Structures are given as C-alpha cells and as structure tokens.
Amino acid sequence: MFSLSSLSRRLVNGAGSALARLQQPSTQHQVPTALSPLSLFTRGRGQLAPKKVKHLRRHKGRVPIPVGGSTRGTTLAFGEWGIRIKGNGARLSAKQLTTAEEVIKKKLKVLKGAKVYLRVFPDIPVCIKGNETRMGKGKGTFEYWATRVPTGRVLFEIGGVPIREELARDILRQAAAKLPTEMEFINRSSPPRLGNMLIYPPTPPTLTAEAPVEASTA
C-alpha cells in the first residue's frame with residue numbers, strides 16, 4: 001500500500017515529466033501550407049484525377065449541346081486515327097476512360113513507338129448519397145471523377161507510327177465497346193461534326209471556258 005505522501009509525490013513527478021515533454025520542441029518536420037483541407041487530394045500515379053481542386057463538391061450540371069456552331073474538338077489533332085461520339089452526349093467517368101485506354105494500350109503494345117492521346121479529362125467531382133436516405137442533411141459524399149462530353153467530341157487518338165487502317169479499326173472498336181455511347185471511327189480526312197451534321201467544306205465553282213464568238217462577214 002502507498003502512503004498519501006508517496007502517492008502525492010508520484011502524481012507531482014508524473015505531471016512534471018509530462019509538462020516537460022510538451023514543452024520540448026517537436027523533431028518532426030512540418031511543412032507550412034496555405035491550402036484548405038478541401039484543396040488537398042491524394043491520387044495514384046496512373047489515376048485520372050486532378051492534382052488540386054478548390055471545392056470537392058460541385059453541381060451536377062448537364063451535358064452541353066453544341067448549338068453555337070463551333071466544331072472545335074471534333075477533328076483529329078495529334079494522331080492518324082481516332083474515335084468520336086456519334087450518339088448522344090454522355091457523362092463519362094474516370095474508370096470508363098481508363099478501361100478504354102488500357103484496351104488500346106494493350107493492343108498497341110506490339111507496335112513500338114505507338115502513342116495514345118486522350119482528348120478529354122475527368123475533372124468534375126460526382127457526389128452520391130446512399131439508397132433510401134432521407135432528404136436534407138447536405139450533399140452526398142464524393143464518389144468518382146467524371147467529364148461531360150457532347151456529341152461529336154473526339155475521345156481517343158492513336159498514332160506515332162504508321163498503323164494499318166484494319167488494325168486501327170479493330171483496336172478502336174474494342175475501346176468503343178467499353179463506353180456507354182455510340183462512337184464512330186475517323187481519320188485525318190474526316191469532316192468536322194456539329195451535333196448530328198457533318199460539315200463539309202464548300203466546293204469551288206467550276207469555270208467553263210466559253211468559245212469566242214466569231215464575227216460574221218457580210
């Protein structure tokens with residue numbers, strides 16, 4: 001059994017040692033940062049996700065409809081072959097894009113120097129609430145990254161080395177099967193697309209040379 005004096009001395013000594021440990025400077029290296037907790041997001045090396053976001057929750061939004069007449073992003077820019085959306089626009093998740101990209105890379109592995117170009121990037125956070133959840137209590141938790149792509153937008157391009165058209169069609173057909181919308185195969189000579197219409201350049205008028213009229217002699 002401890003006496004009252006010895007027990008009080010043990011308590012005082014324990015409190016003093018704990019206070020001394022708190023007053024000692026920490027040896028861990030702390031990096032000061034001015035970013036908020038919402039702007040810090042860890043991602044894997046091969047994961048399709050933005051490096052930094054300001055707000056982790058955003059509005060759902062709608063898939064844009066190209067009604068302004070712009071055909072930007074509907075033709076090839078880097079590769080020789082590609083696929084673009086022919087059906088309705090859709091919201092594609094990062095997992096869907098990664099799956100399609102892995103299919104293309106696996107088939108192009110036999111061609112040394114072949115490259116894959118991804119023309120869209122998932123930077124929109126999608127938040128989901130659980131099933132049978134009551135209304136209210138704020139927005140749901142973050143679930144995955146996605147992107148909104150309209151009709152006619154180019155998604156993937158392949159190039160870097162000469163690729164036969166039959167092989168390119170087969171590779172991109174398998175990648176298009178992993179996406180939830182109808183796709184079409186395009187090349188460098190494919191015209192731009194505006195919604196469901198293909199925009200062909202105007203053909204120059206043909207000039208015919210007329211024979212000179214000879215003056216009749218009386």
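Here the structure is a predicted model, which is why all the values come from computation and not from measurement.
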Exercise for the section: Examine distances only and state if a side-chain atom of Arg57 and a backbone atom of Gly140 form a donor-acceptor pair shorter than 3.5 Å. Expected result: yes

Handout entry: Side chain Glu157, main chain Arg119, donor-acceptor under 3.5 Å
Key = no

Exercise for the section: Decide yes or no on side chain to side chain contact (heavy atoms under 4.5 Å, CB included) for Val103 and Phe156, but give the supporting numbers first. Expected result: CA-CA 12 Å; Val103 171; Phe156 290 99; over 6 Å; no

Exercise for the section: Kindly indicate whether the side chain of Pro150, heavy atoms from C-beta on, has any atom under 4.5 Å from the side chain of Ile85. Expected result: no

Problem - Least distance between heavy atoms, Lys105 atom then Val116 atom - result: CG-CG2, 4.1 Å

Practice task
Search all heavy atoms of Ser70 against all heavy atoms of Leu194 and return the closest pair with its distance.
Solution key: O-CD1, 3.6 Å

Problem - Ile65 CD1: over 12 foreign heavy atoms closer than 6.0 Å - result: no

Handout entry: Atom pair CE (Met135) and NZ (Lys137), whose distance is rounded to the nearest 0.5 Å
Key = 12.5 Å

Practice task
Compare every heavy atom of Thr151 with every heavy atom of Gly195, then report the nearest pair and how far apart it is.
Solution key: O-CG2, 3.4 Å

Handout entry: Pairwise side-chain contact, Pro122 with Leu97, heavy-atom cut-off 4.5 Å (strictly under)
Key = yes

Handout entry: N-O pairing of Glu102 and Lys106 below 4.0 Å
Key = no

Exercise for the section: Return yes when atom CG of Asn88 has more than 12 non-hydrogen atoms of other residues, nucleotides or ligands closer than 6.0 Å, and no otherwise. Expected result: no

Handout entry: Joint cluster assignment, Leu111 & Tyr117, ILVMFWY side-chain distance < 4.5 Å
Key = no

Fill in the blank from the handout: Between the CZ atom in Arg148 and the NZ atom in Lys60, the distance rounded to the nearest 0.5 Å is 10.0 Å

Handout entry: Student check: side-chain heavy atoms of Ser190 and Phe185 closer than 4.5 Å
Key = no

Problem - Interatomic distance, Glu101 atom CD to Gln96 atom CD [nearest 0.5 angstrom] - result: 14.0 Å

Handout entry: Pairwise distance CD1(Ile186) to CZ(Arg193) - rounded to 0.5 angstrom
Key = 9.5 Å

Exercise for the section: Would you give the length of the straight line joining atom NZ of Lys107 to atom CG of Leu167, rounded to the nearest 0.5 angstrom? Expected result: 9.5 Å

Problem - Close side-chain approach of Leu108 and Ile163, heavy atoms under 4.5 Å - result: yes

Practice task
Evaluate the criterion side chain to side chain contact (heavy atoms under 4.5 Å, CB included) for residue pair Val154 and Thr75; output intermediate values, then yes/no.
Solution key: CA-CA 7 Å; Val154 177; Thr75 55; 5.7 Å; no

Handout entry: Residue Lys129 excluded, over 12 heavy atoms near NZ under 6.0 Å
Key = yes

Practice task
Answer yes or no: is there a donor N or O on one side and an acceptor on the other, between the side chain of Arg84 and the main chain of Thr74, under 3.5 Å?
Solution key: yes

Practice task
I would like to know whether Phe121 and Thr147 meet side chain to side chain contact (heavy atoms under 4.5 Å, CB included); could you show each step before the answer?
Solution key: CA-CA 6 Å; Phe121 188 80; Thr147 181; over 6 Å; no

Practice task
Dump the intermediate steps for side chain to side chain contact (heavy atoms under 4.5 Å, CB included) on Thr181 and Val149, then the final yes or no.
Solution key: CA-CA 11 Å; Thr181 183; Val149 285; over 6 Å; no

Fill in the blank from the handout: OH (Tyr144) and CD1 (Ile128) are apart, to the nearest 0.5 Å, by 5.0 Å

Exercise for the section: May I ask you to check whether over 12 heavy atoms, not counting those of Asn187, lie within 6.0 Å of atom CG? Expected result: yes

Practice task
Answer whether the closest heavy-atom distance between the side chains of Ser93 and Trp145 falls below 4.5 Å.
Solution key: no

Problem - Heavy-atom donor-acceptor pair, Glu184 side chain to Lys86 backbone, under 3.5 Å - result: no

Problem - Atom NZ of Lys139 with >12 non-hydrogen neighbours under 6.0 angstrom - result: yes

